[in-house]
Protein chains: 2
Amino acid sequence: MTADNAEQIRSVATQLFARHGYEGVSLQAIAERVGVTKQTLLYHFPSKDVLRKAVLDQVFSHWRERLPQMLEAVTSGHGRFDALTRELVRFFETDADRARLLVRELLDNPDEMRRMLAENLRPWVLLVAQYVREGQRIGLIHADVDPEAYVLTVITLVLANVSTNGIVEGVLGDSGGSGVRAARERQQNELLRLTKAALFKR
Amino acid sequence: MTADNAEQIRSVATQLFARHGYEGVSLQAIAERVGVTKQTLLYHFPSKDVLRKAVLDQVFSHWRERLPQMLEAVTSGHGRFDALTRELVRFFETDADRARLLVRELLDNPDEMRRMLAENLRPWVLLVAQYVREGQRIGLIHADVDPEAYVLTVITLVLANVSTNGIVEGVLGDSGGSGVRAARERQQNELLRLTKAALFKR
DNA sequence: CCTACCGATCGGTAGG
DNA sequence: CCTACCGATCGGTAGG
């Protein structure tokens, strides 16, 4: 079936682009993984760049779909911001390739990504920033927080943490075997603590 | 001169690998930029992978050289940690390609990078973590900070901020022309505020 | 025998 | 969707 193959190609391409980079993956390699010929791939996606954009579009569309759900958790107060950050971590952690792909695209095509992030993220960032301002007004949140910059910093940090969860383990983890999971958990706990501590008054 | 050509090749390779990725740059492209033939490049670096490792080694050696200098600033107290974070930002900002290269290598070769980061970074991370513990002992720093995880989180955040300084501008910046510089400065200020606020008691 | 290269070309594979 | 290919370029090596 055509739609099935096209979907499988896009899915495999997402995974391989995320792990080895756009230039590091050949159309042949993608086709082989799916079990079709390169020519079949080129029937569904007439060029490598078309495939790249299809992959990217799907990541953003998934994001646009999930973001409103995540934001429902945020209305006001302490625990809500925590829930949002947790949701953000979970969003990228359930599919770390999504985070890696975004970081790679950000490095490879900064201008295009700036545009796409502005389009897809801007309304939500401004909305959450308004919640922060509300928190500042009622004295729950430190007055010197820069709302928009804070939200972007948290997103950057979560993205970086998930996509390169390798920074941590080697440095934190002891030589023992149990160190990897524990180190990842420590890092994530500290991320949540840090983002909260930088926001709320005690 | 031979040493000169080898050095120029390594320098150009650093820049191009950082901007387009290892797989995205041909030996021909590097050689052309330097003004030598590809064969001359291969005389100095017998394979592309040898060149990759030479580039990476230089970045780490630069890091090993500068880190002790940065750490001299840290003894104790409020302003010292701030100075260290500022130095870290400056270190990567004066050559953003360094940050981009590290992030790319982290995505391309997570295992190798985990090992290299552990070797090169571990002693310094543990040292700064000890300063954090000292701060906790004298009641200057929040007791619930995870010292090692905190230090790594700050490094991750600085690295991510510098290497993908594109996240910000598109979302924060207005359509006007003056927005880019201002947005970058806002983001950096919030980074410094956030790392401090998450550490020190008020 | 060394160094620092050159012009030409190797076998394979890239995207299309 | 496949067979049959292309112009070009890939990383790497030959003799001198």
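Small disclaimer: the values here were computed from a predicted structure and weren't measured. Reminder, nothing fancy here: chain letters follow the sequence lines and each chain counts from 1.
Panel note: side chain E93(B), backbone V162(B); no donor-acceptor pair is recorded below 3.5 Å. Remark: side-chain polar atoms of T164(B) are paired, donor with acceptor, to backbone N or O of A160(B) under 3.5 angstrom. Checked by atom type and distance alone, the side chain of R80(B) never pairs as donor or acceptor with a backbone atom of E72(B) at under 3.5 Å. Listed for the H20(A) side chain is no donor-acceptor partner under 3.5 Å among the backbone atoms of V25(A).
With a 3.5 Å limit on both pairing distances and Watson-Crick or G-U wobble geometry required, DNA chain C contains no stem of 3 or more pairs.
Rounded to an integer number of Å, the gap from CZ of F45(B) to P of dT13(D) is 16 Å. Going from atom CD of E7(B) over to atom P of dA4(C) covers 15 Å, rounded to whole Å. Between the CD atom of Q8(B) and the C1' atom of dA4(C) there is a distance of 15 Å, given to the nearest Å. Between the C1' atom of dG15(C) and the CD1 atom of I30(A) lies a distance of 11 Å, rounded to the nearest Å. Straight-line distance from the CD atom of E23(B) to the P atom of dG15(C): 11 Å, rounded to whole Å. dC10(D) atom P lies 19 Å from atom CZ of R52(B), rounded to whole Å.
Evaluation of atom-type donor-acceptor distances gives a pair under 3.5 Å for the side chain of K38(B) against the base of dG11(D).
Taking only side-chain nitrogens and oxygens, S26(B) never comes nearer than 4.0 Å to OP1 or OP2 of dT9(D). Not one side-chain nitrogen or oxygen of H44(B) sits closer than 4.0 Å to the OP1 or OP2 atom of dA4(C).
Salt bridge R86(B)/D82(B): present, at least one basic N to carboxylate O contact under 4.0 Å.
Annotation: salt bridge (charged side-chain N to carboxylate O under 4.0 Å, His left out) contacts involving residues 41-50 of chain A, sequence neighbours excluded, comprise D49(A)-R52(A), D49(A)-K53(A).
Less than 4.0 Å separates DNA chain D from no heavy atom of any residue of residues 11-22 of chain A.
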Per-pair distances, 0.1 Å, donor-acceptor, side chain in residues 55-62 of chain A, under 3.5 Å, sequence neighbours excluded:
unit_1, atom_1, unit_2, atom_2, d
Q58(A), OE1, R10(A), NE, 3.4
H62(A), ND1, R98(A), NH1, 2.8

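Distance from the side chain of Y43(B) is smallest for dA4(C) among the nucleotides dG15(C), dA4(C), dG11(D). Closest contact between the side chain of N5(B) and the listed nucleotides dG11(D), dG16(C), dC5(C) involves dC5(C). Proximity note for L27(B) (side chain, C-beta onward) versus dC10(D), dG12(D), dC5(C): the nearest is dG12(D).
The residue V25(B) sits close only to the backbone: its heavy atoms come under 4.0 Å of sugar-phosphate atoms, none of a base.
Contacts of T195(A) classified as side-chain hydrogen bond (donor to acceptor under 3.5 Å, both in side chains), with partners at least two apart in sequence or in another chain: none. For the ring-ring contact (aromatic ring centres under 6.0 Å, His included) test, no residue two or more places apart in sequence or in another chain qualifies with F45(B).
Using atom P as the reference point in both dA4(D) and dG16(C), the two lie 22 Å apart (nearest Å).
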